[in-house]
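To keep things clear, I will list the structure first and then write my remarks on it.
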Amino acid sequence: MSRQDGGTSMYMQSLSDSLGELMEMHIVAHRTQDELPVRHALLHYLSKSWKVWSVRAEYLKLLDTIRPDIVHVNCCWQPYFAYAALWAKEAGYPVVLSPHGMLEPWIVRRHYWTRKVPSLLAYQRRALFAADVVHATAESEKENIETISRYCRLLSDWHPNVHVIGNGVDTQAIEMKTSWKRSKTLLFLSRIHPKKGIDLLLQAFSVLQSFDGPLRDYVLQIAGEGDSAYLSSLRSLVDRLRVKEHVQWLGGVYGDSKWKLIREADLLVLPTHSENFGIVVAEALASGTPVLTTKGTPWNVLNTEHCGWCVDVNVEAIKSALRLFATSSEDELQQMGLRGRRLVEENYDTRSIAREYVKLYTSLCR
């Protein structure tokens, strides 16, 4: 439940606030120093011991104490998440598995032979087969999971039962911006990781930020935490592109400071290669801030509902969308913001999402 773990931890925090009001909810995690608070769930902690048999005994004892109707595991590729699914299934509990984008093609292919294949052989393949239901957050993720044999031969005989429930945000708690007067600010807000496509954004921004470019007066704010070596490589890229004075590195930003950043930005940009949902997109839309993202996310609805842009994952496509943004009037940006808020209220509010989980869990308990 660490802040630094990004979207999955924030998803668990948001889900506990809504789902925890409808049923008794327990969250099992490791202890962290920067733990996200939860309101309507009980937190339990497992040790980080390398002694698998010791952690297994600890976990099974916890299950015997709680006696849950459902065990819902939220992650892939990390050993103890897979073991949590396997041990729960062996103990007779129905298991739901949410990979949170970790079975998307870009992710599976990354370090395929050095990390993914060994993990599948050691534990992950068995855990996937053990799940009664695999939860996807979008139809695109469901399709990728159902056709995973195209890019992973070790799962060629896996026929998962995939159920789609989108991620949600608490729209009642999110304050909407009151002005769409340009602040001359673009915002990237996410984990600093190669899959997020920050290098593509920097290249596109550097061209449009030149002395006669449409974004010449703009600042690009990059908010998030990540590997120091990768962050250093991005800083070097900024130097080579000669936009150092127009890029601000904010580090991790949370709480009220995060929401203030989102509201004050003219545009949130998430140029990711792969995202099963992209909770920050929903957060920005709920705040009334238009969004530019890529087809690495399931957010093509931005185009159809006219509340932003969803484009191909390359520099030229991002650059073209940024040009369209730059030439949009403040009134057009306001209309985008209003439509975005309405889209999230009608489709991604945590209360309606929680009710969908209750339906899924109930079906497995019969």
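All values below were derived from every heavy atom in this structure, side-chain atoms included, with hydrogens, water molecules and symmetry-related copies excluded.
- Panel note: side chain Arg56, backbone Trp87; no donor-acceptor pair is recorded below 3.5 Å.
- The shortest side-chain heavy-atom distance between Ser232 and Arg235 does not fall under the 4.5 Å cut-off.
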Determine, stepwise, if the pair Glu356 / Tyr361 fulfils side chain to side chain donor-acceptor pair (under 3.5 Å). CA-CA 9 Å; Glu356 289 299 313; Tyr361 295 156; over 6 Å; no
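- With hydrogens and angles ignored, the 3.5 Å screen pairs a side-chain donor or acceptor of Glu141 with a backbone N or O of Thr137.
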Distance-only criterion, 3.5 Å: show the donor-acceptor pairs between side-chain atoms of residues 96-114 and protein atoms not counting sequence neighbours.
from	atom 1	to	atom 2	distance (Å)
Ser98	OG	His72	NE2	2.6
Ser98	OG	His135	ND1	2.6
His100	NE2	Asn74	OD1	2.8
Glu104	OE1	Asn144	ND2	3.1
Glu104	OE2	Asn144	ND2	3.4

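- Put simply, the side chain of Leu155 reaches to within 4.5 Å of the side chain of Arg125, judged on heavy atoms.
- At distances below 3.5 Å, at least one donor-acceptor pair connects side-chain atoms of Thr293 with backbone N or O atoms of Leu270.
- Side-chain heavy-atom separations under 4.5 angstrom define the hydrophobic clusters, and Val219 shares its cluster with no other residue.
- Cation-pi contact between Arg191 and Tyr230: absent, since separation from the ring centre below 6.0 Å together with deviation from the ring axis within 45° is not met.
- Within the 3.5 Å criterion, the main-chain N or O of Ser149 finds no donor-acceptor partner in the side chain of Ser156.
- Here the side chains of Tyr348 and Val281 are not in contact, with every heavy-atom distance at 4.5 Å or above.
- Val169 places a side-chain heavy atom less than 4.5 Å from the side chain of Ile279.
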With side chain to side chain donor-acceptor pair (under 3.5 Å) as the test, would you mind laying out the steps for Asp266 and Thr185 before giving the verdict? CA-CA 6 Å; Asp266 294 335; Thr185 303; 5.6 Å; no
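- Between the Gln334 side chain and the Trp180 main chain, no donor and acceptor come within less than 3.5 Å of each other.
- Although no hydrogens or angles enter the test, the distance criterion places a donor-acceptor pair under 3.5 Å between the side chain of Glu332 and the main chain of Ser329.
- The shortest distance between side-chain heavy atoms of Arg341 and Ile174 falls below 4.5 Å.
- The environment of CG in Asp256 is sparse: at most 12 heavy-atom neighbours from other residues, nucleotides or ligands sit within 6.0 Å.
- Judged by distance alone, the side chain of Asn347 and the main-chain N or O of Leu343 form a donor-acceptor pair under 3.5 Å.
- For the pair Tyr11 and Phe277, the minimum side-chain heavy-atom distance is 4.5 Å or more.
- Put simply, the side chain of Asp227 gets close to the backbone of Ala229: a donor and an acceptor are under 3.5 Å apart.
- Shown are Leu267, Leu292, Leu268; of these, the side-chain contact (heavy atoms from CB on, under 4.5 Å) with Leu186 is made only by Leu267.
- In this structure, Phe129 is a member of the same hydrophobic cluster as Tyr80, with clusters built from ILVMFWY side-chain heavy atoms closer than 4.5 Å.
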Stepwise side-chain contact (heavy atoms from CB on, under 4.5 Å) test for Glu139 and Glu143: CA-CA 6 Å; Glu139 288 294 335; Glu143 181 180 346; over 6 Å; no
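- In terms of modelled atom types and a separation under 3.5 Å, the side chain of Ser328 and the main chain of Leu324 share a donor-acceptor contact.
- Side-chain contact check for Trp259 versus Glu264: every heavy-atom pair is 4.5 Å or farther apart.
- Linking ILVMFWY residues whenever their side-chain heavy atoms come closer than 4.5 Å, directly or via other members, places Trp249 and Leu201 in the same cluster.
- By the 4.0 Å N-to-carboxylate-O rule, Arg67 lies close enough to Asp64 to be salt-bridged with it.
- Side-chain contact, Glu275 with Thr272: a donor N or O sits under 3.5 Å from an acceptor N or O.
- Under the 4.5 Å side-chain heavy-atom criterion for Ile, Leu, Val, Met, Phe, Trp and Tyr, Val313 and Trp309 are members of the same hydrophobic cluster.
- Looking at heavy atoms from C-beta onward, Ile148 lies out of side-chain contact with Pro160 at the 4.5 angstrom threshold.
- Side chain to side chain, Arg126 and Tyr83 fail the donor-acceptor criterion of an N or O pair below 3.5 Å.
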Under the criterion side-chain contact (heavy atoms from CB on, under 4.5 Å), I'd like the reasoning laid out for Gln13 against Arg39: C-alpha separation, chi angles, the key distance, then a yes or no. CA-CA 8 Å; Gln13 181 191 41; Arg39 291 191 300 172; over 6 Å; no
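- In this structure, the side chain of Ser287 engages the main chain of Glu283 through a donor-acceptor pair within 3.5 Å.
- Hydrophobic clustering (side-chain heavy atoms under 4.5 Å, transitive across Ile, Leu, Val, Met, Phe, Trp, Tyr) groups Leu237 together with Leu250.
- Transitive grouping of hydrophobic side chains (ILVMFWY, heavy atoms separated by less than 4.5 Å) brings Trp77 and Val117 into a common cluster.
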Start with the C-alpha gap between His26 and Leu43, add the side-chain angles, then the distance that decides, and say whether side-chain contact (heavy atoms from CB on, under 4.5 Å) holds. CA-CA 6 Å; His26 300 258; Leu43 271 169; over 6 Å; no
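- Aromatic ring centroids of Phe81 and Tyr123 lie 6.0 Å or more apart.
- Inspection of the Ser190 and Lys196 side chains reveals an N or O donor paired with an N or O acceptor under 3.5 Å.
- The salt bridge (charged side-chain N to carboxylate O under 4.0 Å, His left out) search around Lys184 returns none, not counting sequence neighbours.
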Passes side-chain contact (heavy atoms from CB on, under 4.5 Å), Arg323 versus Leu208? Steps please. CA-CA 8 Å; Arg323 285 187 186 278; Leu208 301 180; 3.5 Å; yes
